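Input: a single structure, listed below in structure tokens.
The first residue in the sequence is number 1, and the count goes up from there. Remember, predicted model here, so these are calculated numbers, not experimental data.
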Amino acid sequence: SAPELDYIAVAKGSVAPDPQPMGTRYEAEEQTYISTVPAKENPFASGKQTVSGFSSKNYYLTVPLQTLEKTGPYQISVTYSNPDASALALYYSINGRVHQNPIQLRTTASPNIFVTDTFTAYLDNGLNDLGFFLDQADGSGLEIDFVTVTDKTEEELIAEDAAEVEQLIN
């Protein structure tokens with residue numbers, strides 16, 4: 001069966017990126033990457049650089065988070081480009097513990113298009129480390145731009161956005 005279309009946004013004749021996630025942003029090129037190629041230039045990335053070279057689980061990105069004030073569920077968003085022809089399974093770890101439900105990364109068909117996927121994870125108060133890796137060798141085109149973390153639910157973020165829009169209108 002044909003894949004379902006979520007939405008299409010067109011702006012000035014080009015594909016518009018996903019809405020930017022809210023929360024604390026961690027630029028990938030400023031984090032620790034193990035056995036990956038160094039940060040590479042990409043003028044379409046938010047910080048003008050990305051982290052790539054995810055060719056196996058020995059190549060991963062570690063994101064040390066700022067000190068969190070509470071234990072509980074957090075929304076974690078990964079903004080990336082996946083020009084490979086197929087979707088990829090991006091595995092993640094929290095404080096060294098690998099989670100068995102990977103994030104299914106969509107294909108973007110171009111290294112110049114970035115999209116965002118969000119998942120919920122349980123984080124401890126204090127310091128936490130997030131890790132990201134692929135469990136296959138065919139994801140060398142993957143480029144991670146940034147990771148965003150917030151303790152707000154999607155519903156709370158939508159409500160905040162609606163309140164901001166109403167303030168602008170009034």
Side-chain angles (χ1 to χ4, degrees), residues 3 5-68 74-121 123 127-150 154 157:
L5 184 61
D6 187 10
Y7 72 93
I8 294 177
V10 178
K12 296 184 181 180
S14 64
V15 176
D18 284 350
Q20 295 297 308
M22 300 172 78
T24 304
R25 180 184 286 199
Y26 301 89
E27 289 287 339
E29 66 270 18
E30 297 170 0
Q31 307 310 313
T32 304
Y33 28 95
I34 309 300
S35 299
T36 62
V37 296
K40 72 181 218 176
E41 299 294 320
N42 185 323
F44 299 96
S46 65
K48 305 301 180 216
Q49 291 183 317
T50 61
V51 172
S52 64
F54 295 90
S55 58
S56 77
K57 62 182 164 185
N58 295 322
Y59 298 78
Y60 57 94
L61 173 68
T62 300
V63 181
L65 302 180
Q66 294 176 358
T67 302
L68 300 176
Y74 285 78
Q75 300 291 311
I76 301 172
S77 300
V78 180
T79 299
Y80 63 92
S81 174
N82 174 21
D84 292 347
S86 62
L88 295 172
L90 180 67
Y91 286 84
Y92 66 97
S93 64
I94 298 173
N95 300 325
R97 194 179 90 232
V98 175
H99 290 259
Q100 297 305 313
N101 296 321
I103 309 156
Q104 297 302 315
L105 303 181
R106 301 170 272 168
T107 181
T108 61
S110 168
N112 303 337
I113 298 173
F114 288 85
V115 295
T116 301
D117 285 327
T118 301
F119 63 98
T120 301
L123 300 175
L127 300 175
N128 290 270
D129 283 332
L130 294 177
F132 297 96
F133 65 93
L134 297 174
D135 199 23
Q136 67 246 14
D138 62 352
S140 58
L142 174 64
E143 295 184 31
I144 294 181
D145 187 5
F146 60 89
V147 175
T148 306
V149 178
T150 182
E154 186 174 351
L157 293 172

State, yes or no, whether a side-chain contact exists between [X] and [Y] at a heavy-atom distance under 4.5 Å.
X: Tyr80; Y: Leu90; result: no
X: Ile94; Y: Asn128; result: yes
X: Val63; Y: Leu65; result: yes

Worksheet entry | By side chain to side chain contact (heavy atoms under 4.5 Å, CB included) - contacts of Phe119 (at least two apart) |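 With neighbours one apart ignored, the set is Ile76, Val78, Tyr92, Ile103, Ala121, Phe132.
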Open item on the list: Can you list everything that forms a side chain to side chain contact (heavy atoms under 4.5 Å, CB included) with Gln49? Sequence neighbours excluded, please.
Closed with: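 Gln49 satisfies side chain to side chain contact (heavy atoms under 4.5 Å, CB included) with Glu29, Ala39, Glu41 only.
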Is a donor on one side and an acceptor on the other found under 3.5 Å between the side chain of [X] and the backbone of [Y]?
X: Lys48; Y: Pro43; value: yes
X: Thr108; Y: Asn82; value: yes
X: Asn95; Y: Asp129; value: yes
X: Ser86; Y: Thr107; value: no
X: Asn42; Y: Phe44; value: yes

Over all heavy atoms of both residues, which pair between [X] and [Y] is shortest? Give the atoms and the distance, please.
X: Lys40; Y: Ser52; result: CD-OG, 3.5 Å
X: Glu143; Y: Pro111; result: OE2-CB, 3.9 Å
X: Ala45; Y: Thr50; result: CB-CG2, 3.6 Å
X: Ser110; Y: Ser81; result: O-OG, 3.0 Å

Exactly one of Thr79, Val147, Thr148 should register a side chain to side chain contact (heavy atoms under 4.5 Å, CB included) with Thr116. Which one does?
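Result for side chain to side chain contact (heavy atoms under 4.5 Å, CB included) with Thr116: Thr79.
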Asp145: side-chain hydrogen bond (donor to acceptor under 3.5 Å, both in side chains) partners, not counting sequence neighbours: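 Partners of Asp145 under the side-chain hydrogen bond (donor to acceptor under 3.5 Å, both in side chains) test: Ser46.
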List the steps, then state whether side-chain contact (heavy atoms from CB on, under 4.5 Å) holds for Tyr26 with Leu130.
CA-CA 11 Å; Tyr26 301 89; Leu130 294 177; over 6 Å; no
*State the OG-CG distance between Ser77 and Asp117, to the nearest 0.5 angstrom.*
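Output value for this atom pair is 8.5 Å.
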- Could you state the interatomic distance from CG (Leu123) to CD (Gln75), rounded to the nearest 0.5 Å?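 Spacing of CG (Leu123) from CD (Gln75) equals 10.5 Å.
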